[in-house]
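Report on the structure given below.
Just so it is clear, the model here is predicted, and its values are computed rather than measured.
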Amino acid sequence: MSRVVERFLQYVEYNTQSDENSDASPSTSGQLVLGEALKKELEELGLENVRLTETGYVYGVLSANTTKEQVPAIGFIAHMDTSSDMPGEGVKPQIIQDYPGGDIVLSSEKGITLSPEEFPELNEYVGKTLITTDGTTLLGADDKAGIAEIITAVEYLIEHPEIPHGKICVAFTPDEEIGRGADHFDVSGFGADFAYTLDGGPIGELEYENFNAAKAKVFVQGESVHPGTAKDKMLNSMLLAAEYMAQLPANETPAHTEGYEGFYHLTNISGNVETTTMSYIIRDFDWASFEHRKQVMQAAAHSLNQKYGRSIFSVAIEDQYYNMKEKIEPVQHVVRIAEEAMQSLGIAPVVVPVRGGTDGARLSYMGLPCPNLFGGGHAFHGKYEFIPTFAMEKAVAVIVKIAELYAR
């Protein structure tokens, strides 16, 4: 078993799910437990300036081994937390060696099967070794695979001093899954000129565009009256909420969009006759379309308020992050070098937009240009999550090659 796989299997034993309802940083104590273990591991490898901050960030530096001038300092970043969409405690990975094709039974007891009919990408990995869940939890490849890949690449550079490289900065962040991964990131203290997050999907993925993102709360104020005497008096806020939802384009939701198409996504609704609250996220790659979506949500509330002749609907919108493309394009070499590294290793780069966000999006706007590299996993955030082991090994090789190319 390769070192990167060994590390990954160790890391998934830690329960590091983040919690959006917590105001602490990190949001859960389990992330600090993994952070302590990673800090110790970096120290044992001999990295310098290793530290774990009170807010849950792990940093370390591998000094340059080249005397060549003007070699940039490169950063590699991954996040420690896992999604709360599926249980993350008691992860029991299954190793499928020489995958023969066809269905993989994750849990015979629960009748849970990972099938190429639902996940046709499995057909690309016949004969390869896969790591899957046991059907009861997520796996945690997002993003513990990225952590394992970065540390293994650093270890390889230490063990092979004949490979020239500049200063290598590594960081592991908390709470990426709840949008707070960059909240307390020390960009100046990190010490890199630019960086790469190892937080992408299948082998070859390279991303430097992502959604512009906002979150919205829609508040609906109804009138509760005893149903026996409610005629012409009751305003059921839940029914009014349904009327608001009908004002938004029905085909512009995550289930109907792909590629560069944006969407409105209802993530939560709670209420009673008197009051209802709806939570939305708004996503779009194009800035003008992004602004238009926010206007559509406000206009729907305004229109319905006019219909009812009173202030029933109110909408509060808050921007979350922006498309990092604007910050990456002026330093496009970070993308070109990543493409060259992959091609030299026989990997076809697959440049795709991130239909979501990464720490790199916010970090790019904080002065640290930061495209995203593949980690190798599939079907994140659920019981069908899996990762081919060779993809992790290739990710390690890509990190090493990027460091080498910048020092040539």
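With S364 contributing its side chain and K327 its backbone, the two residues share no donor-acceptor pair below 3.5 Å. At distances below 3.5 Å, at least one donor-acceptor pair connects side-chain atoms of E385 with backbone N or O atoms of G140. No donor-acceptor pair closer than 3.5 Å links the side chain of K401 to the backbone N or O of E340. Under a 3.5 Å cut-off, the side chain of Q298 and the backbone N or O of V315 do form a donor-acceptor pair. Remark: the backbone N or O of D199 is paired with a side-chain donor or acceptor of N372 at under 3.5 angstrom. Side chain of T82 to backbone of N15: no donor-acceptor contact under 3.5 angstrom is found. Between the K92 side chain and the G135 main chain, no donor and acceptor come within less than 3.5 Å of each other. The backbone N or O of T133 lies less than 3.5 Å from a partner atom in the side chain of Q94, making a donor-acceptor pair. Side chain of H265 to backbone of T267: no donor-acceptor contact under 3.5 angstrom is found. Judged purely by atom type and a 3.5 angstrom limit, R180 uses its side chain to pair as donor or acceptor with the backbone of E20.
P202 pairs by the side chain to side chain contact (heavy atoms under 4.5 Å, CB included) definition with Y125, E205, H378, not counting sequence neighbours. For K217, the side chain to side chain contact (heavy atoms under 4.5 Å, CB included) test picks out F219, T277, S279, with sequence neighbours left out.
Taking every heavy atom of both residues into account, G259 and P353 meet most closely at O-CG, 4.2 Å. Heavy atoms only, all atoms of each residue included: S63 and E48 are closest at OG-OE1, 2.9 Å. Nearest approach of P93 to V12, heavy atoms of both residues: CG-CG2, 3.7 Å. When all heavy atoms of T358 and E176 are compared, the closest pair comes out as CA-OE2, 3.6 Å. Here the shortest heavy-atom pairing between L139 and V91 reads O-CG1, 3.7 Å. Smallest separation of non-hydrogen atoms from N123 and V126: O-CG2, 3.6 Å.
Checking S115 against E118 by side-chain atom types alone, no donor-acceptor pair falls below 3.5 Å. Under 3.5 Å, the side chains of D175 and S27 contain a donor-acceptor pair of N or O atoms. Side-chain contact annotation: D359 with T197, donor-acceptor N/O pair under 3.5 Å absent. In summary, the side chains of S289 and H292 do not present any donor paired with an acceptor at a separation below 3.5 Å, with no hydrogens or angles considered. E274 and Q221 share a donor-acceptor pair across their side chains, judged by distance under 3.5 Å alone. Side-chain atoms of T53 and T55 form a donor-acceptor pair, as typed in the model, at a separation below 3.5 Å. Checking S2 against E393 by side-chain atom types alone, a donor-acceptor pair falls below 3.5 Å. No hydrogens or angles considered: nothing links the side chains of E54 and H184 as a donor-acceptor pair under 3.5 Å. A side-chain donor from one of R7 and T152 sits under 3.5 Å from a side-chain acceptor of the other. Checking E209 against Y260 by side-chain atom types alone, a donor-acceptor pair falls below 3.5 Å.
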For this session: In sequence, state the C-alpha distance, the side-chain angles, and the governing distance for Y11 and E6, and then conclude on side chain to side chain donor-acceptor pair (under 3.5 Å).
Result: CA-CA 9 Å; Y11 301 156; E6 290 177 356; over 6 Å; no
Exercise. Between L368 and I77, is a side-chain contact (heavy atoms from CB on, under 4.5 Å) present by the stated rule, with each step listed?
Worked result: CA-CA 11 Å; L368 183 67; I77 301 167; 4.2 Å; yes
Exercise. Run the side chain to side chain donor-acceptor pair (under 3.5 Å) check on S107 and K383 step by step: do they pass?
Worked result: CA-CA 10 Å; S107 172; K383 58 180 174 287; over 6 Å; no
Problem set entry | side-chain contact (heavy atoms from CB on, under 4.5 Å) between Y208 and Q332, intermediate numbers included | CA-CA 10 Å; Y208 65 94; Q332 193 69 16; 3.7 Å; yes
For this session: Carefully, step by step, assess Q31 and T28 under the rule side chain to side chain donor-acceptor pair (under 3.5 Å).
Result: CA-CA 6 Å; Q31 296 180 76; T28 54; 2.9 Å; yes
For this session: Applying side-chain contact (heavy atoms from CB on, under 4.5 Å), run through Y196 and I337 and close with a yes or a no.
Result: CA-CA 11 Å; Y196 299 88; I337 287 291; 4.2 Å; yes
For this session: Apply side chain to side chain donor-acceptor pair (under 3.5 Å) to the pair E261 and H256, showing each step before the final yes or no.
Result: CA-CA 9 Å; E261 297 170 332; H256 295 89; over 6 Å; no
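Salt-bridge annotation for K128 and D98: absent, with no side-chain N of the basic residue lying under 4.0 Å from a carboxylate O of the acidic one. A salt bridge is absent between R336 and E339: the closest approach of a Lys/Arg side-chain nitrogen to an acidic carboxylate oxygen does not fall below 4.0 angstrom. Between R310 and E223, at least one side-chain N (NZ, or NE/NH1/NH2) sits under 4.0 Å from a carboxylate O, which counts as a salt bridge. Using a 4.0 Å cut-off between a side-chain N of Lys or Arg and a carboxylate O of Asp or Glu, D319 and K294 qualify as a salt bridge. The residues E243 and K307 are annotated as salt-bridged, a charged nitrogen and a carboxylate oxygen being separated by less than 4.0 angstrom. A salt bridge between R51 and D186 is present, with a side-chain N of the basic residue lying under 4.0 Å from a carboxylate O of the acidic one. The pair E43-K39 counts as a salt bridge, with a side-chain nitrogen and a carboxylate oxygen less than 4.0 angstrom apart.
Annotation: F380 is not in aromatic contact with F386 [ring centroid separation under 6.0 Å not met]. Aromatic pair Y59/F185: ring centres closer than 6.0 Å. Between F313 and H302, the ring centre distance reaches or exceeds 6.0 Å. Taking the six-membered ring for Trp, F172 and Y57 have ring centres at least 6.0 Å apart.
Proximity of Y99 to I104: side-chain heavy atoms (C-beta onward) are separated by under 4.5 Å at one or more points.
Atoms CD and CG, on E162 and N65 in that order, are 9.5 Å from each other to the nearest 0.5 Å. The CG atom of L235 sits 10.5 Å away from the OG atom of S224 when rounded to the nearest 0.5 Å. Here L198 contributes atom CG and I151 contributes atom CD1; the two are 11.0 Å apart, rounded to the nearest 0.5 Å. Note that CG of N251 and OG1 of T257 are 9.0 Å apart. Values are rounded to the nearest 0.5 Å. A distance of 8.5 Å separates CD in E329 from CG in N323, rounded to the nearest 0.5 Å. Taking CG of L34 as the reference point, atom CD of Q10 lies at 10.5 Å (rounded to 0.5 Å).
Ring pair Y156/H160 is parallel by interplanar angle, where below 30° counts as parallel and above 60° as perpendicular. Classified by interplanar angle (parallel below 30°, tilted 30° to 60°, perpendicular above 60°), the ring pair Y406/H333 is perpendicular.
Residue Q320 is tested with R362, K215, R283 for a side chain to side chain donor-acceptor pair (under 3.5 Å); the sole match is R283. Put simply, the residue from Y322, F263, Y321, F290 that forms a ring pair (Phe, Tyr, Trp, His ring centres under 6.0 Å) with F211 is F263.
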